[in-house]
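Scroll down for the structure; my scribbles are underneath it.
In what follows, every heavy atom counts, from backbone to side chain, and hydrogens, waters and symmetry copies are set aside. Count residues from 1 along the sequence.
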Amino acid sequence: MGRLRFLTAGESHGPALAATVEGVPAGLPLVAEQIAADLARRQLGYGRGARSTSIERDRAEILSGVRYGLTLGSPILLLIRNLDWENWTRVMQVEPLSEAEAGELAALAAAGDKKAASITRLRAGHADLAGAVKYGFGDVRNTLERASARETAARVAAGAVARALLSALGIDVWSYTAEVGGVAMDSATATRTREETEASPLRCPDAASETRMIARIDEARSAGDTVGGVFEVVARGVPMGLGSYVHWDRRLDGALAGAVMSIPIVKGVEFGLGFEQTRRFGSAVMDVIDGRDARGEWLRRSNNAGGLEGGISNGQPIVIRGAVKPISTLPRPLPSADLLTGQPVDKAHYERSDISVVPAAGVVAEAMTCLTLADFALEKFGGDSLAELLDNAAHFRERISRAPAALWAPAAAGKSPRREPGDGPEDVIPAESE
Ligand code: EPS
């Protein structure tokens with residue numbers, strides 16, 4: 001990340017989560033309500049557990065970087081309080097434990113309070129083992145508190161700021177659930193509008209497939225199991241020209257893949273036709289270029305590339321698919337081993353968990369997509385104020401709606417063209433005959 005940067009802080013059961021977003025130009029309208037909408041969307045979805053649906057009501061307070069509803073160009077600090085904190089004040093206490101407090105916790109643990117006891121029965125699929133060993137922890141809680149997907153609430157808050165910036169540029173980013181537990185949406189019957197999809201239990205555009213997806217989640221729940229799936233993110237209105245082929249780290253596809261892959265539960269990322277391209281001949285994959293329309297927009301017959309060619313946005317919608325693994329915490333825990341003794345144990349640790357989070361993962365992926373696109377848009381257009389950014393973007397859009405100047409045009413019957421800087425090919429002035 002270059003122009004737009006963000007960092008998050010906070011433990012899952014600590015007092016709060018926070019995000020600092022830096023690089024947002026001055027003058028962007030921003031109110032907490034815009035952020036609340038995305039935070040609420042992340043909490044929804046059939047298959048979510050008790051924490052998300054009945055305890056937390058995520059709201060972000062804007063603590064800096066905004067005055068009278070407009071960004072100042074300074075860092076924006078966002079704070080989301082964990083409502084569950086009141087149940088964890090002693091377990092997650094910031095100050096050192098006094099002897100009396102340590103005794104109190106030990107007594108609670110002895111009385112069977114799971115929260116109060118150290119966690120040593122490792123959960124496969126989580127950061128438990130590698131994290132605890134890496135940092136030298138004798139209690140897995142020190143790892144799981146930060147490795148928890150609760151952190152993604154702070155990303156969504158940061159992403160909502162980036163979304164506001166993208167909206168000003170005419171860019172829209174949306175996601176939906178495309179698959180759950182092997183049940184894939186059928187595009188032919190995906191007739192729900194965006195509003196209907198947003199209101200549906202799994203945020204899936206295809207009602208018939210959604211019913212079968214819900215059945216898979218119920219099946220997992222009754223087996224004490226969990227289930228994953230696939231989300232799709234679509235970014236529309238992205239101008240041609242974000243990112244570059246000149247260096248690996250300037251490619252937009254690489255940055256987007258990394259951003260989406262960094263979501264804890266994501267195990268794979270595809271663009272457009274993705275892995276399916278490997279099963280077809282090139283003629284059935286490449287998006288034929290049909291020329292420019294009257295407005296100067298380039299026309300394509302398909303969008304199998306998912307809006308990215310050569311690491312650059314090509315003006316088509318950017319389509320990203322993310323593979324969501326099943327939740328690692330199983331209600332019916334798998335056999336495991338103990339962190340301290342290294343000996344096998346019957347069951348891994350379990351407190352409570354979600355069964356499936358594909359729609360929520362899609363919302364987090366929207367946030368990561370927004371943050372990445374906003375960063376690349378700022379790199380491309382620059383600007384300390386929103387007005388400057390919008391001017392720069394409009395100027396570029398206008399420029400690319402015209403043909404670039406030809407480097408060389410064939411001389412007609414001995415006449416070589418005389419060219420002026422900025423000439424389009426249609427403006428080439430034939431050299432005067434001598
Ligand atoms: C999570 C475990 C659960 C999830 C949590 C992520 O939390 P808890 O252990 O408190 O029940 O609900 O996700 C959220 C709270 C959230 O807001 O997304 C984990 O271990 O990653």
Counting only N and O atoms by type, is there a donor-acceptor contact under 3.5 Å from the side chain of [X] to the main-chain atoms of [Y]?
X      : Y      : value
Asn303 : Pro317 : yes
Arg292 : Ser401 : yes
Asp206 : Asp186 : yes
Ser148 : Glu145 : no
Glu276 : Arg279 : no
Asp338 : Val345 : no
Gln43  : Ala40  : no
Ser118 : Asp139 : no
Glu179 : Gly229 : no
Thr189 : Ala207 : no

Note to self: My understanding is that only residues two or more places apart in sequence, or in another chain, count here; which of them pass side-chain hydrogen bond (donor to acceptor under 3.5 Å, both in side chains) with Arg321?
What the structure shows: Glu232, Glu270
Give me the atom names and distance for the closest heavy-atom approach of [X] to [Y].
X      : Y      : result
Ile355 : Ala220 : CG2-CB, 4.0 Å
Val161 : Ile76  : CG1-CD1, 3.9 Å
Ser336 : Lys347 : CB-C, 4.4 Å
Glu379 : Arg250 : OE2-NE, 3.7 Å
Ala60  : Ala157 : CB-CB, 4.3 Å
Ala116 : Leu108 : CB-CB, 3.7 Å

Please report the interatomic distance [atom1]([X]) to [atom2]([Y]), rounded to the nearest 0.5 Å.
X      : Y      : atom1 : atom2 : value
Glu61  : Leu77  : CD    : CG    : 9.5 Å
Leu273 : Arg280 : CG    : CZ    : 4.5 Å
Ile318 : Leu256 : CD1   : CG    : 6.0 Å
Phe271 : Glu309 : CZ    : CD    : 13.0 Å
Glu56  : Ser12  : CD    : OG    : 7.5 Å
Thr71  : Leu165 : OG1   : CG    : 8.0 Å

Check: Taking it one step at a time, do Ile217 and Arg221 satisfy side-chain contact (heavy atoms from CB on, under 4.5 Å)?
Finding: CA-CA 6 Å; Ile217 295 173; Arg221 192 196 310 274; 4.2 Å; yes
More than 12 heavy atoms of other groups within 6.0 Å of [X] [atom1]:
X      : atom1 : result
Asp346 : CG    : no
Lys267 : NZ    : no
Ile55  : CD1   : yes
Arg236 : CZ    : no
Glu398 : CD    : yes

So do the side chains of [X] and [Y] get within less than 4.5 Å of each other, counting heavy atoms only?
X      : Y      : value
Val288 : Asp290 : yes
Asn304 : Met286 : no
Leu252 : Leu373 : yes
Leu44  : Pro359 : no
Leu169 : Pro239 : no
Thr226 : Pro331 : yes
Leu144 : His126 : no
Val364 : Ile265 : no

Item checked: Stepwise side-chain contact (heavy atoms from CB on, under 4.5 Å) check, Ile312 with Tyr245 -> CA-CA 7 Å; Ile312 310 174; Tyr245 51 80; 3.4 Å; yes
Under-4.0 Å salt bridge between [X] and [Y]:
X      : Y      : result
Asp172 : Arg194 : yes
Glu351 : Arg141 : yes
Arg3   : Asp375 : no
Arg216 : Asp225 : no
Arg203 : Glu198 : yes

Checklist line | From CA spacing to verdict: side-chain contact (heavy atoms from CB on, under 4.5 Å), Val358, Val230 | finding: CA-CA 7 Å; Val358 183; Val230 177; 5.8 Å; no
Item checked: Positive for salt bridge (charged side-chain N to carboxylate O under 4.0 Å, His left out) with Asp84, one of Arg150, Lys115, Arg352 ->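 Only one of Arg150, Lys115, Arg352 forms a salt bridge (charged side-chain N to carboxylate O under 4.0 Å, His left out) with Asp84, namely Arg352.
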Item checked: Identified salt bridge (charged side-chain N to carboxylate O under 4.0 Å, His left out) counterpart of Asp58 within the set Arg51, Arg81, Arg42, Arg155 ->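 The residue from Arg51, Arg81, Arg42, Arg155 that satisfies salt bridge (charged side-chain N to carboxylate O under 4.0 Å, His left out) with Asp58 turns out to be Arg42.
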For [X], all residues meeting ring-ring contact (aromatic ring centres under 6.0 Å, His included), sequence neighbours excluded:
X      : result
Tyr135 : Phe137
His13  : Trp88
Tyr46  : none

Notebook entry, point to check: Does anything in residues 352-388 pair up under ring-ring contact (aromatic ring centres under 6.0 Å, His included), and if so which pairs, sequence neighbours excluded?
Noted result: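 Listed once each, the pairs are Phe381-Phe396.
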Notebook entry, point to check: Between Thr329 and Arg123, does a side-chain hydrogen bond (donor to acceptor under 3.5 Å, both in side chains) hold up when you go through it step by step?
Noted result: CA-CA 7 Å; Thr329 305; Arg123 297 166 308 164; 3.0 Å; yes
Note to self: Would Leu78 and Ile62 count as a side-chain contact (heavy atoms from CB on, under 4.5 Å) here? Give the steps.
What the structure shows: CA-CA 5 Å; Leu78 306 169; Ile62 303 174; 3.9 Å; yes
Item checked: salt bridge (charged side-chain N to carboxylate O under 4.0 Å, His left out) contacts in which one or both residues fall within residues 11-23, not counting sequence neighbours -> Arg5-Glu22
